[in-house]
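Here is the naming used below: chain letters follow the sequence lines, and residue numbers restart at 1 for every chain.
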Protein chains: 2
Amino acid sequence: MNTTIKEIARKANVSLGTVDRVIHDRGKVAKKTKDKILKILEETGYKPNIYARGLVLNKSYTIAALIPDYNKGDYWELPSLGLNSAAQHLSQYNIKLEYFHFDQNNPDCFKEKSHVLLRSNPDGVIIAPVVNFEASYLCKKLNHLKIPFSFIDSKMEETEYMSFIGQDSFQSGKLAAKLINSLVYEKGKILIISIRNNSEFNKTLQKRIEGFNYFFEELDSAQKLEIEEFSIDQNISNWDKELKEILKSRNASGVYVPSSTVYHVARIIEDSQLKIKLVGNDLIKKNIQYIASGIIDYVIGQRPEQQGYLAFDNFYKYLITGQKVTRDNYLPLDIVTKENLYYYK
Amino acid sequence: MNTTIKEIARKANVSLGTVDRVIHDRGKVAKKTKDKILKILEETGYKPNIYARGLVLNKSYTIAALIPDYNKGDYWELPSLGLNSAAQHLSQYNIKLEYFHFDQNNPDCFKEKSHVLLRSNPDGVIIAPVVNFEASYLCKKLNHLKIPFSFIDSKMEETEYMSFIGQDSFQSGKLAAKLINSLVYEKGKILIISIRNNSEFNKTLQKRIEGFNYFFEELDSAQKLEIEEFSIDQNISNWDKELKEILKSRNASGVYVPSSTVYHVARIIEDSQLKIKLVGNDLIKKNIQYIASGIIDYVIGQRPEQQGYLAFDNFYKYLITGQKVTRDNYLPLDIVTKENLYYYK
DNA sequence: ACATATAATGTGCACGTACACATTGATATA
DNA sequence: TATATCAATGTGTACGTGCACATTATATGT
């Protein structure tokens, strides 16, 4: 049983109200009395009862999530699942989640949604900063309004974010390289194929490729494999044919796709019965079937659901329980393959 | 703002007490009234206010953990870390953790500690059932006393446990086989070396080995590798020499140690500068250095800290928030290697 | 019809906190 | 001396729930 305000008051020979004023530093207490009460608080290690506190405050918090729009089976569905799950678990604490979806290909859309978001006056904001410049503006605004915000997936160093939840892209690429290397085993050529669905410069992709190349640069030159890099834009017609052409003509032993769109390559490998080892990212539905059948050899997961869950949970911790929040949260790089696929789903 | 019992009562034209009886299924309510109230509860999606609930109950719960004794750096330190972390996070909810450590090699010790545990009259029990027969007796007792209990690490199917948190040992072995297979790549011999620190039959070890063998049985006979099995008892003097002898004489390309004691093999490989690929289990401190240096190629992790955290958290959920608890919780089989080691630590 | 048992329903209190409001005591001013 | 001022302290209420206890309605037996 913890000490209560009542006990403190009895020990100090004052009323509940006086203790209350000291605890909340509301003033109107004689210095002598205040010191006496503070001392007793210290000695007894008083901690407010969170139930009574929660009951009497009974505030309703709203967390806004500024996340890319998605179709079923896309990557961004997964962080949303985690966000939803956390929101549901914590709904009894009167903390709610509100989405503001934007089109990844349209920076204006991000800007517009930012404004709508700000007008809703949330108690916290979760941002997926895929559109850098506009996000920077939003962060400044939030900072000014003293609304705490978190990044998910990737972060913007120069802002005063409360927390970041994501992965280390460079290391992800390095790990992919190691896996490919163990698969093709000293013979053959390797392709890096980026399949982008927007024309923008993408930090995450870039860093993964850097990490991938770094791994091979560090190897003995004897073990080095030939690497070729390709970039395909899904907005261009016939991108599918082009991809097929590359896969068939280059006589590659292994392919690395540094994004969740690796299933496109898997489909072609399956259809054309090519003998190519394949490594990609993310455990999305469209990839799962190819992992199960062994066409995708390895996928590197980044626990997107957990990312979503943590992002929301951090606001609960911060706003409701008043706990400190870890600022940078790097989640493990999960290696997923046929044999351990089941327990990651 | 969520609906309250008061509102439900007003809508149903009854008193608070009647609604309360329906919610807690305490009987003494006319069927007609009960149905009416149930319908309203359903419609409004009533959820009890956790603060008010906690305030009025304000019980102090004690969870007992019956876990093997350990030295620093041993496997069982890790679930304890998770348990402690959960206990600390949830301390404000008046739920405490009390350990009862036993000696793995001494079934009598388990029995004795079981009795001490029962006398402490806990509100929930977490059991690591490494001593099967004695655990069975304890479970029956707990069942009779209506004290809920959970298993961690491995489970006993025939008991009425509240939840289990652990891994799929068979699949763990299968995954290890796949990794070894990709490492030695169609040439050479593979050894399975069990290093036991107690003389007892160990279910987990057995199942991992079964899974390991199963993987190779399923391969085309052309790709099959020669496999030899060894078992070493650490209680026998000179076990270290024997191990060294095996590693040096058998001309193996790969070794699988189906437990956390893989670091013993790693040490010998390092000292004797052998060229043997090595796969084992668990991310304990003694293994980490060998993963970092690449002597252990892969380790399969089972998130022991998370196991501990979940085990405790499940009791919080069950006893305090009244939520339903998932009965079987299989954690992912993490593949840990030099390149992704950092983010698993 | 009446007493009595029992089923059904209602009432009141406690939990610990936050905050609005009320009261007390001391000092200064007319 | 009476009164206004203001600092210091005290009191009361609400939050929503769980449970003990009180009350009312209905059925049963004589």
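- The ring-ring contact (aromatic ring centres under 6.0 Å, His included) search around B:Y309 returns B:H89, not counting sequence neighbours.
- No salt bridge links A:D103 with A:K113; every basic N to acidic carboxylate O contact stays at or beyond 4.0 Å.
- Looking at residues 45-57 of chain A, you'll see A:L55, A:V56 sit with a heavy atom under 4.0 Å from some atom of DNA chain D.
- Partners of B:Y343 under the ring-ring contact (aromatic ring centres under 6.0 Å, His included) rule, at least two apart in sequence or in another chain, are A:Y330.
- The ring-ring contact (aromatic ring centres under 6.0 Å, His included) contacts involving residues 14-65 of chain B comprise A:Y93-B:Y51, where partners must be two or more places apart or lie in separate chains.
- In terms of the ring-ring contact (aromatic ring centres under 6.0 Å, His included) criterion, residue partners of B:Y99 (sequence neighbours excluded) are, by chain and number, B:H101.
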Report all interatomic pairs (protein N or O, nucleotide N or O of nucleotides 5-8 of chain C) with separations under 3.5 Å.
none

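- In this structure B:A12 satisfies the side-chain contact (heavy atoms from CB on, under 4.5 Å) test together with B:V14, B:K36, B:I37, B:I40, sequence neighbours excluded.
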Can you list, pair by pair, the side-chain donor-acceptor contacts under 3.5 Å of residues 138-153 of chain B, counting residues two or more places apart and other chains?
from, atom 1, to, atom 2, distance (Å)
B:S150, OG, B:S163, OG, 3.0

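- Over its full length, the helix from C:dA1-D:dT30 to C:dA30-D:dT1 turns its helical axis through 70°, comparing axes from the five pairs at each end and rounding to 10°.
- Protein atom CD1 of B:I23 is 7 Å distant from nucleotide atom P of D:dG18, rounded to whole Å.
- By the ring-ring contact (aromatic ring centres under 6.0 Å, His included) test, A:F315 is found to be paired with no residue, residues two or more places apart in sequence or in another chain being considered.
- Annotation: side-chain contact (heavy atoms from CB on, under 4.5 Å) contacts of B:K28 (sequence neighbours excluded): B:R21.
- For the pair B:D20 CG and C:dT11 P, the computed distance is 14 Å after rounding to whole Å.
- One donor-acceptor pair, N or O on each side, does fall under 3.5 Å between the base of D:dG10 and the side chain of A:R21.
- Shown here are the side-chain contact (heavy atoms from CB on, under 4.5 Å) partners of B:L331, two or more places apart in sequence or in another chain: B:I165, B:R303, B:Q306, B:Q307, B:L310.
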